[in-house]
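Heads up: the structure comes next, in structure tokens.
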2 protein chains.
Amino acid sequence: MTIAHIAERAGVSAPTVSKVINGRPEVAPATRQRVERLLREHGYRRRGGQGDGPAGLVDLVFTEIESPWAMELVRGVEASAREVGAGVVISVLHDRAGPGRDWVERIAARHTDGAILVGSRISADRHDRLAARSIPFVVVDPDGEPPAGVASVGATNWHGGLAATRHLLELGHRRIGMIGGPPGMLCSRARVDGYRAALETAGVPVDPALIGYGDFLVGSGRDGGHELLSLPDPPTAIFAGSDMQAFGVLEAARRRGLRVPGDLSVVGFDDLPLARSAWPPLTTVCQPLQEMAALATRMVLDPSPGGREPRRVELATELVVRESTSPPAGR
Amino acid sequence: MTIAHIAERAGVSAPTVSKVINGRPEVAPATRQRVERLLREHGYRRRGGQGDGPAGLVDLVFTEIESPWAMELVRGVEASAREVGAGVVISVLHDRAGPGRDWVERIAARHTDGAILVGSRISADRHDRLAARSIPFVVVDPDGEPPAGVASVGATNWHGGLAATRHLLELGHRRIGMIGGPPGMLCSRARVDGYRAALETAGVPVDPALIGYGDFLVGSGRDGGHELLSLPDPPTAIFAGSDMQAFGVLEAARRRGLRVPGDLSVVGFDDLPLARSAWPPLTTVCQPLQEMAALATRMVLDPSPGGREPRRVELATELVVRESTSPPAGR
DNA sequence: CTGAAAGCGCTTACAG
DNA sequence: CTGAAAGCGCTTACAG
């Protein structure tokens, strides 16, 4: 499928199609739309010479890569990209607002076969530009509700939050603190809502003073932990929105001379490899990060000519009980 | 610099140059050599059309990415690549023997601007192929002595091992265990040699039973820790070749009911962000991973027309004393 | 806003 | 083993 083919079908000349692809301004809106639609329908790809073929590249775009959490995703994407001989291009946005205006042009210039966005937004404009160049893409753990027609991959965060909180309730805890991730992120909100749902189902009142928010990193767990433990009536258990936050809570507890789980039970979320080596080994909600990454990669790289309609997939989470939880001291 | 220019200078036709670049067999050895030399000297890069310019891609090749250690390198490379608008392609070899035969062809096909190899070997064959396509490359923490003419980046590992061991000696320890990384890796051997040098300088005999080797990951620290602590005359301090191994040692100590640093002092190597959040906060040797990565990226991406001769650079390490070390119990 | 013409860098098929 | 010729996909400069 070359520029000439598209031009013929659109009833325009090759140069005009070239201009549309390169985002030149001097094209009539109606023409641009007609050409973009054909480009998309035929899955046009630039070929940089006689028989270049696809570049064999997936773009993996993070907002931050401070947590080992990101590495799990990298491992998953790398492994499935390798299976089909593709390379993985990593970039870091440092901004949850999503990729900038010229991002699509940059990745198109390197002939990327598809893009995976992690934890960011995707504007309608970026979405349209990707579609015009038929670069498939998926959002993992989107920040906010993605626009209609955007495929996404996540985990059953609500269920995870429910299971974690239920576990603490079953051990006999009644004052259970929660330190969530960024409140704007769907995955984070769902975990908090699962926590609330478990409390409400058990007839335990939800105390807003027991709910804090952070950024999924160690520091926010430490700060949130100190805050909750300074309360006049402190919690006997804390559910953290991520394993890193849980590590921060452990640190805060130790600094205050509290033993875990004797004086304070702690539950994390993610089940990073490190959770097993923490002290005490961390009870946490396992989300299959590598599988999520592999699925996103396949969605983006596999032509699957029939099923091009965008999907929203949530993979199952599972509570993993280790040694950081026990009945509260009073019992 | 186009194929036509090279052809003119080599006194051959453009198709012949094209054949050399694409590794076609039907070129006389003498011609091939002459063309390859010119290609290299002029830093020829394929341009996939009128004004494609460089692809803006750095290949970052790991043998494994299980440790958060790898993420620090990724962060450093990504940050400096971004400065010059380049993307970072990550791949994982799962083999310390280095990249396979067709690796150079694959990265050349995507027009990579340079390659950074982490912790692997680079064969003379791969080296020659990279040179023929003038793809600059650097090895970070090479496995074994790299061939002559290969640029490398590392840290002052020997000094780090010396400083860590000296610190333990100054605290009064005399039986100091060491759990090193893979004995084949230069960075690992240098740390062990620094340990030996410190002991010898202090007049403390080196006991081979106190030296173990592993793979830089948590598991090998745990296993090595248990082994050392099972000795009839166990060490009062352990120096681990990496922070992850030190975490494993902490785990082994706790499983045996030993307190750190009361019953056992532990020193790591790397100073990962996690070292600060460990319990107790880990005394460790800081190596500037992000700076090492940034330097490697600049070496590979910066044309620096004058200074093309390969360099070997070691960045300084520094002991960071936290709370996992103290005088031995007897004192 | 559009396209015929010229041009770019590269590759292929084939004659020698 | 080599290269003149033809061709590919794309872009640019410019006339209308």
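Only this structure's heavy atoms are used, side chains among them; waters, hydrogens and symmetry mates stay out. Proteins get letters first, then strands, A, B, ... in listed order; numbering begins at 1 in each.
Across the protein-nucleic acid pair, B:Lys19 atom NZ and D:dG3 atom P stand 8 Å apart, rounded to whole Å. Atom P of nucleotide C:dT11 and atom CD1 of B:Ile6 are separated by 13 Å, given to the nearest angstrom.
In this structure, B:Asp95 contributes its side chain and B:Leu93 its backbone to no donor-acceptor pair below 3.5 Å. Remark: side-chain polar atoms of B:Ser188 are paired, donor with acceptor, to backbone N or O of B:Pro182 under 3.5 angstrom.
For B:Ala14, whose side chain is taken as the heavy atoms from C-beta onward, the closest listed nucleotide among C:dT11, D:dG3, C:dT2 is C:dT11. The side chain of B:Thr2 lies closest to C:dC10, out of C:dT2, C:dC10, D:dC1. For B:Pro15, the listed nucleotide lying nearest its side chain is C:dT12; candidates were D:dC10, C:dC10, C:dT12.
The side-chain heavy atoms of A:Glu72 and A:Asp270, taken from C-beta on, include no pair separated by under 4.5 Å.
An OP1 or OP2 oxygen of D:dT11 is reached within less than 4.0 angstrom by a side-chain nitrogen or oxygen of A:Ser18. Residue A:Arg24 has no polar side-chain atom (N or O) positioned under 4.0 Å from OP1 or OP2 of C:dC1.
Here, C:dG3 and C:dG7 have their C1' atoms 16 Å apart, quoted to the whole Å.
Residues A:Ala4 and B:Glu26 both approach DNA chain D. Their nearest nucleotides, taken by heavy-atom distance, put B:Glu26 toward the 5′ side.
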Secondary structure of DNA chain D per the Watson-Crick/G-U criterion (both distances under 3.5 Å; [ ] crossing, | other strand, . unpaired) is |||.||||||||.|||
